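Take a look at the structure below.
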There are 2 protein chains.
Amino acid sequence: MKQYTASNAAYEKIRDAIFEEKYERGEKLTEVKLADELGVSRTPVRDAMRKLEEEGLIKDKRVINPTIKDLMNTFDVRMLLEGYAVRQAARYMGPDQIEDLQQCVEAAKRGKTEEIMDANKEFHDIIVKASNNDVLIDTIDRMQSVIFLFRRTVVYHQRPRLIEEHEAILEAIRNHEEEQAEWLMKSHLKKDLDFSIHSW
Amino acid sequence: MKQYTASNAAYEKIRDAIFEEKYERGEKLTEVKLADELGVSRTPVRDAMRKLEEEGLIKDKRVINPTIKDLMNTFDVRMLLEGYAVRQAARYMGPDQIEDLQQCVEAAKRGKTEEIMDANKEFHDIIVKASNNDVLIDTIDRMQSVIFLFRRTVVYHQRPRLIEEHEAILEAIRNHEEEQAEWLMKSHLKKDLDFSIHSW
DNA sequence: TAATTAGTTGATGTATACATAAATATAAAT
DNA sequence: ATTTATATTTATGTATACATCAACTAATTA
């Protein structure tokens, strides 16, 4: 269970500030300055910064400024892992989980910006979980922040054909077409990558 | 560049103590006790423990006790990532790097326990680096500790046919046979996994 | 006896003070 | 003016004190 410690609060605040570009890319973050801003001591700030270094949002005390290559690297790994995950999904997923995926697709069709984003994220999360591999799940989880940082969410939520691609993946899962599911997932992620790069 | 801070020293000592089973699997590690043993304050111990939690050697303040499933999960991810890496190696590696791999194989043939282990580790490291993907490199790096913890090194260094398998992979790389290299790497890792499980 | 409560111990979270190291600015010298 | 050396500031590393929280023990009561 997640606790409400000053460290966690600091972590979330700093992370969100980075997402909202309150701190610029490449900007040096010092412990005292952050501690002052957040009204806590340096100790929880250090904890938070360590966690942020883990997920790659901070590097050498500076807000990262991901390059195109960084993003490509991230997506290459993601394609491998989610490709595997969707294969497992196509093989083992039960009707109830498939129904959950269906719900995500529906929700993304109806909803507004924020909800669309959430539903699409959930779609991937469910598939990743279906891998039933904690190492894989954790690895993908750690990459999310960098992806999120890179992506301009305002633009991204209306990426063309995204929902159709999810639907196609869902169909492949439903029909237990592993090979097809993997291929669809990989090309889906490839399009995500290209879109992210070009809308940059 | 790595510094000689008390935090780093604490990290290495605790890690090695876990490897040497000075702390039992599942044992609860408290900050004060470790601080006393290492002759430092709690602060660097906390830093060290955080780092160890990152790489999965500690979970919830306890030394992890990896299950067979944990190991299988780790190897499944490793197979995906190193499979990809060796493909890149087969495609792009230059003669000098191939020579380095050759040296690893030679060294493993001649050397003694410790050197054999190092040379074989180095063989994989070179291939992983050839992926030219930092995200992938970091991900594999983080998994090493758990693999090392699980493996009984005394037994492992004499796993049958390990060197021959490395040689076969090297040949595939030399001949730019991507598909073959990937297949060989994956079955090589599969055998590693099986050996680790059965010699348990 | 089982269960609840109070009290005690121990562990972690947080703030702060001090020490060391890094970075920057200032002055001197070529 | 550029470099070298020195001084000053600033940031980080480490120790320690205190506060809070959790775990355990003992005692009281149903």
Side-chain angles (χ1 to χ4, degrees), chain A residues 1-65 138 141-142 145 149, chain B residues 1-19 21-65 138 141-142 145-146 149:
Chain A
M1 184 179 58
K2 187 165 56 178
Q3 298 221 80
Y4 264 175
T5 62
S7 295
N8 285 335
Y11 161 76
E12 288 176 4
K13 282 183 187 169
I14 299 171
R15 183 198 58 193
D16 292 346
I18 292 174
F19 285 154
E20 292 159 19
E21 316 227 17
K22 203 190 143 198
Y23 303 121
E24 285 174 45
R25 310 288 164 92
E27 178 175 346
K28 171 132 197 191
L29 299 179
T30 91
E31 295 171 7
V32 269
K33 186 164 162 284
L34 290 173
D36 281 358
E37 284 178 25
L38 302 177
V40 292
S41 80
R42 277 174 55 210
T43 313
V45 170
R46 295 196 71 181
D47 285 351
M49 286 182 75
R50 238 172 198 290
K51 216 167 173 182
L52 292 163
E53 296 237 12
E54 271 177 53
E55 2 177 305
L57 281 185
I58 293 181
K59 185 145 197 168
D60 300 327
K61 315 271 164 187
R62 288 174 183 282
V63 178
I64 51 142
N65 188 5
D138 290 349
D141 207 55
R142 214 173 309 112
S145 290
L149 180 62
Chain B
M1 186 177 60
K2 186 166 53 179
Q3 299 220 82
Y4 259 38
T5 62
S7 295
N8 285 334
Y11 161 76
E12 288 177 3
K13 282 183 187 170
I14 298 171
R15 183 199 57 194
D16 292 346
I18 292 174
F19 285 154
E21 317 230 17
K22 203 190 143 198
Y23 304 122
E24 283 174 46
R25 309 288 164 89
E27 178 176 346
K28 171 133 196 190
L29 299 179
T30 90
E31 295 171 6
V32 268
K33 186 165 163 283
L34 291 173
D36 281 357
E37 285 178 24
L38 301 177
V40 293
S41 81
R42 277 175 54 210
T43 314
V45 170
R46 295 195 72 178
D47 285 352
M49 286 183 74
R50 239 174 198 290
K51 217 168 174 180
L52 290 162
E53 296 237 13
E54 272 178 53
E55 20 177 284
L57 282 185
I58 294 181
K59 184 143 197 169
D60 300 328
K61 314 274 167 185
R62 289 175 184 282
V63 177
I64 51 142
N65 189 5
D138 290 348
D141 207 54
R142 215 172 310 127
S145 291
V146 175
L149 180 63

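Lettering follows sequence order; numbering is per chain, from 1. Being a predicted model, the structure only gives us computed values, none of them experimental.
Listed by residue number, the members of residues 33-46 of chain B with any heavy atom below 4.0 angstrom from DNA chain C are B:R42, B:R46.
In this structure, A:Y4 atom OH and C:dT12 atom P are separated by 23 Å, rounded to whole Å. If you measure from atom CE of B:M49 to atom C1' of C:dG13, you get 14 Å, rounded to the nearest angstrom. The separation between A:D60 atom CG and C:dA21 atom C1' is 16 Å, rounded to whole Å.
Nearest heavy atom pair, residue B:V146 against residue B:G56, reads CG2-O, 4.0 Å. When all heavy atoms of B:A6 and B:P44 are compared, the pair lying nearest together is C-CB, 3.9 Å. Between A:N65 and A:G26, the closest heavy-atom pair is CB-N, 4.3 Å.
The closest side-chain heavy-atom distance from A:K13 to A:L34 is not below 4.5 Å. Between B:I18 and B:I64 there is no side-chain heavy-atom pair separated by less than 4.5 Å.
If you walk DNA chain D from 5' to 3' and mark each nucleotide with an atom closer than 4.0 Å to a heavy atom of chain A, the marks span D:dA11 to D:dA22.
Listed by first and then second residue, the salt bridge (Lys or Arg N to Asp or Glu O under 4.0 Å) pairs that reach into residues 33-42 of chain B are B:K22-B:E37, B:E27-B:K33, B:E31-B:R42, B:K33-B:E37, sequence neighbours excluded.
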request  = For side-chain contact (heavy atoms from CB on, under 4.5 Å), just list the numbers for B:R50 and A:E54, CA-CA rounded to whole Å, side-chain angles, deciding distance to a tenth of an Å, and then say yes or no.
outcome  = CA-CA 10 Å; B:R50 239 174 198 290; A:E54 271 177 53; 4.2 Å; yes
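Summary of the strand contacts: A:D47 and A:K28 both lie near DNA chain C, and taking for each the nucleotide with the nearest heavy atom, the more 5' one is attributed to A:D47.
In A:E24, the CD atom is not crowded: 12 or fewer heavy atoms of neighbouring residues, nucleotides or ligands sit closer than 6.0 Å.
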